[in-house]
Each structure stands twice: as C-alpha cells, then as structure tokens.
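To start, the structure itself, in structure tokens.
Quick note on labels: first sequence line is chain A, next is B, and so on, each numbered from 1. Just the heavy atoms: all of them, side chains too, but no hydrogens, waters or symmetry mates, feed the values below.
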Number of protein chains: 2
Amino acid sequence: MDKPAPRRVTIVDVARHAQVSTTAVSKVLRNAYGASPAMRTKVQQAIDELGYRPSAAARGLRGQTYTIGVMLPELRNLFFADILDGITTQLGDSDYQVLLAPGCNGEKAEAKVIDAMIDRSMDGLVLIAPVSAKKRLTEVAAGVPTVVVGRHGASPTYDSVTDDDIAGAALVVDHLVSLGHRRIAHIEHHETDRIRLAEMPNALRANGYRHAMIAHGLEDEIDVASTSYTQAGGYQGAKELLARPVRPTAIFAGADVVALGALEAIAEAGLSVPGDISVAGYDNSALAAFGPISLTSVDQDGRQMGANAARLLVERINQRDRRPTQVKLTPSLVVRRTTATI
Amino acid sequence: MDKPAPRRVTIVDVARHAQVSTTAVSKVLRNAYGASPAMRTKVQQAIDELGYRPSAAARGLRGQTYTIGVMLPELRNLFFADILDGITTQLGDSDYQVLLAPGCNGEKAEAKVIDAMIDRSMDGLVLIAPVSAKKRLTEVAAGVPTVVVGRHGASPTYDSVTDDDIAGAALVVDHLVSLGHRRIAHIEHHETDRIRLAEMPNALRANGYRHAMIAHGLEDEIDVASTSYTQAGGYQGAKELLARPVRPTAIFAGADVVALGALEAIAEAGLSVPGDISVAGYDNSALAAFGPISLTSVDQDGRQMGANAARLLVERINQRDRRPTQVKLTPSLVVRRTTATI
DNA sequence: CTGAAAGCGCTAACAT
DNA sequence: ATGTTAGCGCTTTCAG
C-alpha cells in the first residue's frame, strides 16, 4: 500500500527524458545564455511532462535559492502587513519567493533570525524597522543583498526605504494647531541608544513633534510621555498626560496602536474624544480606518514602501556593487473623527 | 577596500582547526551518536572560535534543513498570529526555525506556497485553514510531515488540530437565548464545495448554529446571510439582515472581523449595540478584547492550537510512520459588552 | 550551441 | 569512537 516515498524528479531525469545534458536543462531553468529555441522547447516539454521542480536547497549550494527573507518586529502591526503586501506585489511574477520570520522583538531575536536567513542562503533580505546595531546591519548587508525599511541614515552596504517621519509629525502638529490647539502632547517610544535616536522612526517623530511645536511658537507647551509603541504604552502614556496639572487638549500618539491605548485611558477617565481631547495616531493602519474608531492618522503608504524595497533588492541582487540608494517617501495626513476644534 | 567576499566558514575549516574529521564535526552538530565528550568539547570550541554556522542548504541536500514552513491565509487575522505564537513558543528552544509565507488566499496561491516550501526541503509544514482539495493535502503530507490546523476531518497522512466549531456556535446561541433572544441571525462564509462543507470551520459554525437553534426550538427563526469572512462581508451581511421585514435582535457573526463589519452597518443604520441589537463574534481576537469595541466572542485559544500543532509536527518528523492524530480543543465564550438582554 | 566533469557543504554508509 | 568516501541535485567552468 504505502509506496516507498517516490523519489523526487531531478534534473537528471529531465535531461534523460529530453535526451539532452543536465547543463542544458539548467540553462533553460535559469533562462541562461546558450540554449537554442529548439532546445528550450524540448526541455520545457520534458519538465512539464515529468512535473519537475528544481530543488532550492541544491540550487543554493551553487547559485541562488530564489528566496527573499523578510524580517519584521511584529506580525500584529497592520502597517507591516501593508509593507509586506507591497513587497509581494512587486515580486509577484518574478521567480522569487518571499518567506518571513515570525515577529522578532529585540536585538537578540533579530540576530537569530538574520543568522537563520543567512544560513538558508537567502538571496536577499528585507529588514523592517530593525533595532540591531548599525554595525551589525552593515556587516550583514556586506554578505547578502539587504534593504532596510523604516530606519533612517545611509549605509555603505544596504539600501534603505523610509518615510519622512519628521514631516509626518509636523503634519499632525500643523493640523492640530490649525484646529486651535496649543497644549499638544506627544507619546513617544522611549529610546536611549545614540544611533537609534538618529535613525529610528519613533525618535524622528518625537523630534519632528518638537521642531513643529517650536515652529509654531509653542515651545513652552511641549509635553512628552515616554513609554513604548504598544497599546499598553499608549494607555500608560495617556494616563500620565491626563494627570498633568493642566491637561493637554490634544495627544499626538507616535503610532496607531499607541493611540488606541490612549483612547482607552481617555474613555476610562470619563473624557470624550474629540469633545474634551483630540487624538491623532501614526501609520493609518486598518484599525485607524475602522469606522467606530475613525482615528486621524499619518499615512505612510506601506505598500509603496514595500514595493520600493523589493525593487531595490532585486536590483542589488543583480548588481551587487551598485551604489546604495536611499528612498524617502512623503507621508500624508488622513483626518478622521478623533480630532476637532478645541 | 572591498574585501572579495570572505568565504564562509565550512565544516572542513572546523574539522581542520579542531584536528578531527568532518564526520566528527557533523556528529557534534547533530548531537548524533558516536562522539566522545572530549571530542564534543574540542569541536564545539573550534566552532565557537571560527564562528561557524552550518549551511542549511547543504544540510538539506542530505538530511534536514531544520526549517518548518507555516502557511496561513491572511496575516492580518489576529487569530492566526496567536496560532503562530503557539508554534514558535513550542519550538522555542529547538533547532527548528519557523518561516512563513505571506498570506495566501485561494487554492492557486496555496498550491504555489506549498510547492515553494517543498522545493526548499522544509522538514515539516503547518497548514493553517487551507482551502485546497483534500486529495492534494493528503498527497503533500505523504511527502513531507504535515499538520493541518483548523480543518476538520481525519486524513491518512496528516495530523490535525481543530477547535470544536459546532460547540463554539452552540455557546453563542445558548448565551443569546439565555438573554432572551429568539430572532438570532447568523452571517456565514459562503461555501459550496462538498468536502469543505464538512471540513471547514466556517461551515461547521453555520451548522452548529442551525443545530443549536433547533435544539432550542427556534427552527423557524433560523436566518442566515451568506457572505464571506471579511469585514466587508460582515457589513454586507448585516445590511441584508437589517433589511428583513422582522429585524433580528441578535447577530452571530462567524468571525470577529465579520462582527466588526456588522457593527459598522448597524451603526450606519442608526441602531445601537447592544441596545437595539446584540452582536457576537468568533475568535476572540485582540480586536474583540479592545475596550471601545468589547465584543462578545468565542475564544479558540490559538496559542494552544499552535503549540499542539508544533508538538505533533516534531513528533511526526521524528517518526514518520506514526498514526495520524487528531487533536480537538474546546472553545469557550467570552462575554463582553455587545450582547445584552433583549 | 552543447555536454562532460568538477565541485558547492554537508550527511550517511562503511570501514577501521 | 573515529575517519574515509561517496554522493545529495544543482550550477559552473571548460572542452568540443
């Protein structure tokens, strides 16, 4: 009954069936130079007849694996899903298969995942909002084509795709000011590392907030709660801000999930949004768009970012010594029902 | 400046450095039988000193790749993220690395992803809520250890982990009836395929709903809107139900996202929840727990499901001829603020 | 344009 | 307990 595991069809089988050499088959497989049209059709037919599929493991030992690894900090963050959509759409009809590691938080987990991807001979890596030391990232990228998404700062080895977080923060502040707000507080993701303070989006958003406040002559109103980019962080941060002697009239949360936590804390305090207090988020995730929440948020167009990342990565795979490129996209503000005139 | 790609450290380098054979190194790597403690320490030291990491591609050519592939229909579904958490937690300190394909919807995309994983010599597959033909799944599982999650029905080749969807649906109906509801409608995911009608969770939930209604003597009140398990599907389905001559007093949505869509439609119709109408979901995703939404929902304990799947998979990898097992977990109801007495 | 042959890095028989 | 050797399935020189 149980057949003894029907051995997989190999390139040798195809070659024999088509009466050609394995080299010929290999060339057809890779659309490589040096195979006549006649040869191509003959081999292709054999491939189809036998249902042959090349083994990526074997290919990887000499050439490419046609696999692109994506690392992201958190699967539950819908913004990252958008980036992923952009990547897969862009790679849609190429031979590359995208595989991703389940969310990894922290430098240690990142190191493990990156190693795992290198061990598996992936052709290219997309690292989304990595927190690893820049030195490490640069080393990794020296070994395998890499694109870093959502982390500012140029590198000699990797390409990067970012959204202008400074501008995004300014969009929010400008909007709130135009609604008459002055006491605009911010909930940031706490950061101490010096390089990360210059490169991580959360740091730049906090920075952009400060700059924008100053630009509006509101430097005395600057008020920041330093927690983390999580729902709990938003809750905690908002509680903190609401306990101030003079309550802010608007809260700019560094991310949509943070805004959600803030909304919870505000509701718990018996205050209404936007009646008593306006709230804005960042990322314009599906959550923000969801009717009952309807959160004003900064849209980063994750799909666009992902598409750019994939494009750059393929370019680099095909030309490894190409100069590193930085793509910086411009965010836009989506005004919804959580912000209103004071 | 640019060093010419420092060749990766191989098992040969380690063997030479430790003055032993490559076989010895290989054995230490795999904790295989036949290496003395002295040998182990010597080799391990060489490995550390050289920073050696085995190439998964090369390993895959002969033995295992220590890679487990996970396929899921949709990354944005938070319930799937829970399953994934369970898998990775269970696999935490093993040598296996989990890699997943970005969400794939439909039979065609599934086929592509499964092929891609097989091509990459993955040691095992976890297929979450696959829609592919059962025949295909059985064939796949004959070739590579496979666990199917969230699809009922035993198979001769794969293990499966499910949650008792019939019981889950009954939980909701029982709850609503106990609150005094009689006109309880259901929004289901439309299904026509005969096998899927018997195996897919959505079909079983619809079934469980009907049975429970009948058990309560409410067969005349059975009312089903057949759309899809998406937010749009929920919106559409609720609109349909609200347009009935006699409006339902409660809606049981087959999934939390569906409930969200329903909530939107209900709000749009100027009705209040749970004042005018009660709503219950399924999955108890983070969304359901989110304060402002606070959706009554059926909890499937995705983490538990994932942990079981991973456990079964590793067992099967180590003993491929083991009898297929079916694990069926029992759901529980989490009552929140979207359901109330009529 | 085509094919023979030499590996890629590792594991699994098979000696010793 | 250790080492030797032959591949795994593919790509890549290098001849023809």
From Arg8(A), Gln97(A), Arg59(A), residue fulfilling side chain to side chain donor-acceptor pair (under 3.5 Å) relative to Asp119(B):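 Checked Arg8(A), Gln97(A), Arg59(A) against Asp119(B); only one passes side chain to side chain donor-acceptor pair (under 3.5 Å): Arg8(A).
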Closest-nucleotide 5' rank along DNA chain C - winner of Val25(B) and Pro37(A):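 Final value for this comparison: Pro37(A).
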Interatomic distance where [atom1] belongs to [X] and [atom2] belongs to [N] [whole Å]:
X: Ile11(A); N: dC8(D); atom1: CD1; atom2: C1'; answer: 13 Å
X: Lys27(B); N: dA13(C); atom1: NZ; atom2: P; answer: 12 Å
X: Arg16(B); N: dG3(D); atom1: CZ; atom2: C1'; answer: 16 Å
X: Ile47(B); N: dC10(C); atom1: CD1; atom2: P; answer: 10 Å
X: Leu61(A); N: dC10(D); atom1: CG; atom2: C1'; answer: 8 Å
X: Gln64(A); N: dC8(C); atom1: CD; atom2: P; answer: 19 Å
X: Leu29(A); N: dC10(D); atom1: CG; atom2: C1'; answer: 9 Å
X: Arg30(B); N: dG9(C); atom1: CZ; atom2: C1'; answer: 13 Å

Does the side chain of [X] get closer than 4.0 angstrom to OP1 or OP2 of [N] through an N or O atom?
X: Tyr66(A); N: dT11(D); answer: no
X: Ser21(A); N: dG3(C); answer: yes
X: Ser36(A); N: dT2(C); answer: yes
X: Tyr33(B); N: dA1(D); answer: yes

Distance-only donor-acceptor test, [X] side-chain atoms vs [N] base atoms, 3.5 Å:
X: Arg8(B); N: dG9(C); value: no
X: Arg62(A); N: dG9(D); value: no
X: Ser26(B); N: dA12(C); value: no

Thr162(B) side-chain N/O to His152(B) backbone N/O, donor-acceptor pair under 3.5 Å: no
Expected output: side-chain Thr146(A) to main-chain Tyr158(A) donor-acceptor under 3.5 Å: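 Here the side-chain-to-backbone pair does not exist.
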Nucleotide of [options] approaching [X] most closely (side-chain heavy atoms):
X: Thr22(B); options: dG9(C), dC10(D), dT11(C); result: dT11(C)
X: Pro54(A); options: dC10(C), dG3(C), dC10(D); result: dC10(D)
X: Met39(B); options: dC10(C), dG3(D), dG3(C); result: dG3(D)

Asp95(A) side, atom CG; Thr67(A) side, atom OG1 - distance, nearest 0.5 Å: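 Those atoms lie 11.0 Å apart.
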Donor-acceptor pair between Tyr96(A) and Gln64(A) side chains, under 3.5 angstrom: yes
Using a heavy-atom cut-off of 4.0 Å across all strands, would you classify [X] as base, sugar-phosphate, or nothing?
X: Thr23(A); answer: base
X: Ala32(A); answer: nothing
X: Val20(A); answer: sugar-phosphate

Closest contact, heavy atoms only, Leu84(B) versus Val70(B): CD1-CG1, 3.7 Å
Position toward the 5' end of DNA chain D (nearest nucleotide), Arg59(A) or Gln19(B):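 Of the two residues, Gln19(B) wins.
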